[in-house]
Amino acid sequence: MTAHSRPARPVILGQNQYGKAENRVVKITRDGDTHHIKDLNVSVALSGDLEEVHLSGSNAHCLPTDTTKNTVYAFAKEHGIESAEQFGIHLARHFVTSQEPIHRARIRIEEYSWERIATSDAGSRFIGADEVQHSFVRKGQETRLTEITYDGEQWQVISGLKDLVVMNSTNSEFWGYIKDKYTTLKEAYDRILATEVSSRWRFNWTDDEQRMPNWERSYEQVKKHMLQAFAETYSLSLQQTLYQMGSRVINNRSEIDEIRFSLPNKHHFLVDLEPFGLKNDNEVYYAADRPYGLIEATVLRDGVEPRIPVDLTNL
């Protein structure tokens, strides 16, 4: 039998999902003259009994993506946005429990932070207000993240952050490494350590019988412990600093079982000033954006199985 005459093997449909991605919703909460902002980017992905829409084009089990978009905006009004996690939980529960063909919902949210603009006394008097509480400036520190997955019984909440740039200008060394004929890097006994933190952490809240974490306080505390560990670790390697950051979170936050980091080493190289007759005493550096060392690892509570994807770009 020739290759051309072999019977065709059956084709099957694999994993599939659909939904509306990147719904930008801004919710203003007015507490008298004081206003509060929640600024989210919400992506919805639904899975379930969806074979026919792929095989025959029947939309009988298909909730339009436009409807999922509308639901995001309606829920911002109906439920408010207490936290990104709580908002995602409301959405995931709704899609799975209200639509029989939908068996699993995944809600991914980016949150953009704003802070209040402090105004001058003269400016307040000029507009006839004692204190301005409705003007904001976008905070540029980091983007907050969360992913909520629900299958009708079990929850998985993985939160995190990205674009958090940190630096230690001393208390960092790097020496004693493998050297071969291609090694040119000089050992460093006092160096700048800088990175742009991307991290995800998984909560051990998995069903409605458990007490739900305080999502807002949890985020603040995780970030606090992460930054304190970065600042307080005398670093012999970025790997060591990473482990200290993760350990501090696991040891201090009982609601979290697993945390993963992706830390690009934002290299700062001493500039050779000798051609100009100047001595560079760890003062002038060249900040290189690429290539960069990329240090990644997961820190877990003992006895816990890892579930955060190794490649954070897929989360």
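- With a 4.5 Å cut-off on side-chain heavy atoms, His79 and Gln86 do not count as touching.
- Heavy atoms from other residues, nucleotides or ligands lying under 6.0 Å from CG of Asp180 number more than 12.
- Side-chain atoms of Thr146 and Ile158, non-hydrogen and from C-beta on, never get closer than 4.5 Å to each other.
- Judged purely by atom type and a 3.5 angstrom limit, Arg202 has no side-chain atom pairing as donor or acceptor with the backbone of Asp257.
- Going from atom OG of Ser172 over to atom CD of Gln240 covers 9.0 Å, rounded to the nearest 0.5 Å.
- Proximity of a side-chain donor or acceptor of Asn41 to a complementary backbone N or O of Glu110 within less than 3.5 Å is not detected.
- Scanning both residues, Ala76 and Lys27, for their nearest heavy atoms gives O-CE, 3.1 Å.
- Here Leu312 contributes atom CG and Leu145 contributes atom CG; the two are 9.5 Å apart, rounded to the nearest 0.5 Å.
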* To do: Using the ring pair (Phe, Tyr, Trp, His ring centres under 6.0 Å) rule, take Trp155 and Phe203 through it: C-alpha gap first, then chi angles, then the decisive distance, then the call.
  => CA-CA 10 Å; Trp155 295 93; Phe203 293 88; over 10 Å; no
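- A pairwise comparison of heavy atoms in Arg260 and Pro309 identifies CD-O, 3.5 Å as the closest pair.
- The side-chain heavy atoms of Thr195 and Pro264, taken from C-beta on, include a pair separated by under 4.5 Å.
- Salt bridge Glu216/Arg144: present, at least one basic N to carboxylate O contact under 4.0 Å.
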* To do: Evaluate side chain to side chain contact (heavy atoms under 4.5 Å, CB included) for Trp114 paired with Val26, printing each intermediate quantity in order.
  => CA-CA 11 Å; Trp114 295 78; Val26 175; over 6 Å; no
* Asked: Should Glu111 and Ile81 be marked as a side chain to side chain contact (heavy atoms under 4.5 Å, CB included) after you check the CA-CA gap, both sets of side-chain angles, and the distance that decides it?
  -> CA-CA 11 Å; Glu111 178 177 344; Ile81 302 177; over 6 Å; no
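- The line from CD of Glu196 to NZ of Lys266 is 5.0 Å long, rounded to the nearest 0.5 Å.
- With hydrogens and angles ignored, the 3.5 Å screen pairs a side-chain donor or acceptor of Asn16 with a backbone N or O of Gly14.
- Heavy-atom contacts from other residues, nucleotides or ligands closer than 6.0 Å to CZ of Phe269 number more than 12.
- Between the CH2 atom of Trp201 and the NZ atom of Lys223 there is a distance of 9.5 Å, given to the nearest 0.5 Å.
- In terms of heavy-atom proximity, Arg191 sits nearest to Ser237 at NH2-CA, 4.2 Å.
- Between Tyr292 and Asn265, the shortest heavy-atom contact is CB-O, 3.4 Å.
- Put simply, the side chain of Asn204 does not reach to within 4.5 Å of the side chain of Glu258, judged on heavy atoms.
- Judged by distance alone, with hydrogens and angles left aside, the side-chain atoms of Thr68 form a donor-acceptor pair with the main-chain N or O of Thr65 at under 3.5 Å.
- Ring orientation note: the planes of His90 and Phe75 are nearly perpendicular, at an angle over 60° on the 30°/60° scale.
- Asp151 places a side-chain N or O within donor-acceptor distance of the main-chain N or O of Gln154, the cut-off being under 3.5 Å.
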* To do: Carefully, step by step, assess Thr241 and Ser235 under the rule side-chain hydrogen bond (donor to acceptor under 3.5 Å, both in side chains).
  => CA-CA 6 Å; Thr241 298; Ser235 179; 2.8 Å; yes
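- Under the 3.5 Å distance criterion, the side-chain polar atoms of Arg301 are matched with a main-chain donor or acceptor of Ile250.
- Criterion: ILVMFWY side-chain heavy atoms under 4.5 Å apart, direct or through other members. Under it, Val271 and Phe276 are part of a common hydrophobic cluster.
- The cluster map of Ile, Leu, Val, Met, Phe, Trp and Tyr, joined by side-chain heavy atoms under 4.5 Å apart, puts Phe261 and Leu227 in the same cluster.
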* Asked: side chain to side chain contact (heavy atoms under 4.5 Å, CB included) between Ile259 and Arg253: does it pass, once the steps are laid out?
  -> CA-CA 11 Å; Ile259 184 167; Arg253 302 308 304 173; over 6 Å; no
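- Judged by distance alone, with hydrogens and angles left aside, the side-chain atoms of Tyr177 form a donor-acceptor pair with the main-chain N or O of Leu185 at under 3.5 Å.
- More than 12 heavy atoms of other residues, nucleotides or ligands lie within 6.0 Å of CD in Glu78, so this atom counts as buried by the packing criterion.
- The hydrophobic cluster containing Leu13 does not contain Val11, counting ILVMFWY residues as joined when their side-chain heavy atoms lie under 4.5 angstrom apart, directly or transitively.
- Taking CZ from Arg200 and NZ from Lys162, the interatomic distance works out to 7.5 Å, rounded to the nearest 0.5 Å.
- Proximity of Leu263 to Phe230: side-chain heavy atoms (C-beta onward) are nowhere separated by under 4.5 Å.
- Members clustered with Met167: Ile192, Leu270, Tyr285, by chain and number, using a 4.5 Å side-chain heavy-atom cutoff among hydrophobic residues.
- Crowding of Glu283 atom CD: a count of heavy atoms from other residues, nucleotides or ligands under 6.0 Å exceeding 12.
- Under a cut-off of 6.0 angstrom, the local environment of OH in Tyr112 is crowded, with over 12 non-hydrogen atoms contributed by other residues, nucleotides or ligands.
- For the pair Ile256 and Pro213, the minimum side-chain heavy-atom distance is 4.5 Å or more.
- Within a 6.0 Å sphere centred on CD of Glu232, heavy atoms belonging to other residues, nucleotides or ligands number more than 12.
- Smallest separation of non-hydrogen atoms from His268 and Ala194: CE1-CB, 3.7 Å.
- The same ILVMFWY cluster, assembled from side-chain heavy atoms under 4.5 Å apart, contains both Ile295 and Val299.
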* Carefully, step by step, assess Asp31 and Thr29 under the rule side chain to side chain contact (heavy atoms under 4.5 Å, CB included). => CA-CA 6 Å; Asp31 181 14; Thr29 301; 5.5 Å; no
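- For CZ of Arg307, the number of neighbouring non-hydrogen atoms (other residues, nucleotides, ligands) closer than 6.0 Å is 12 at most.
- Interatomic distance, NZ of Lys20 versus OG of Ser43, reported as 11.5 Å (0.5 Å rounding).
- Residues Leu193 and Phe174 fail the side-chain proximity criterion, which asks for heavy atoms closer than 4.5 Å.
- Put simply, the side chain of Ser58 never gets that close to the backbone of Val53: no donor and acceptor are under 3.5 Å apart.
- A single hydrophobic cluster is not seen to contain both Ile308 and Tyr150; linkage of ILVMFWY side chains at heavy-atom distances under 4.5 Å, directly or through other members, places them apart.
- Between the side chain of Trp205 and the backbone N or O of Asp207 there is at least one donor-acceptor pair closer than 3.5 Å.
- Ala105 approaches Leu46 most closely through the heavy-atom pair CB-CD2, 3.8 Å.
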* To do: Decide yes or no on salt bridge (charged side-chain N to carboxylate O under 4.0 Å, His left out) for Glu187 and Lys179, but give the supporting numbers first.
  => CA-CA 11 Å; Glu187 293 189 332; Lys179 300 177 184 69; 2.8 Å; yes
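- Within the 4.5 Å cutoff, the side chain of Met245 has heavy atoms near those of the Val197 side chain.
- Of the possible polar contacts, one joining the Thr71 side chain to the Thr67 backbone as a donor-acceptor pair under 3.5 Å is found.
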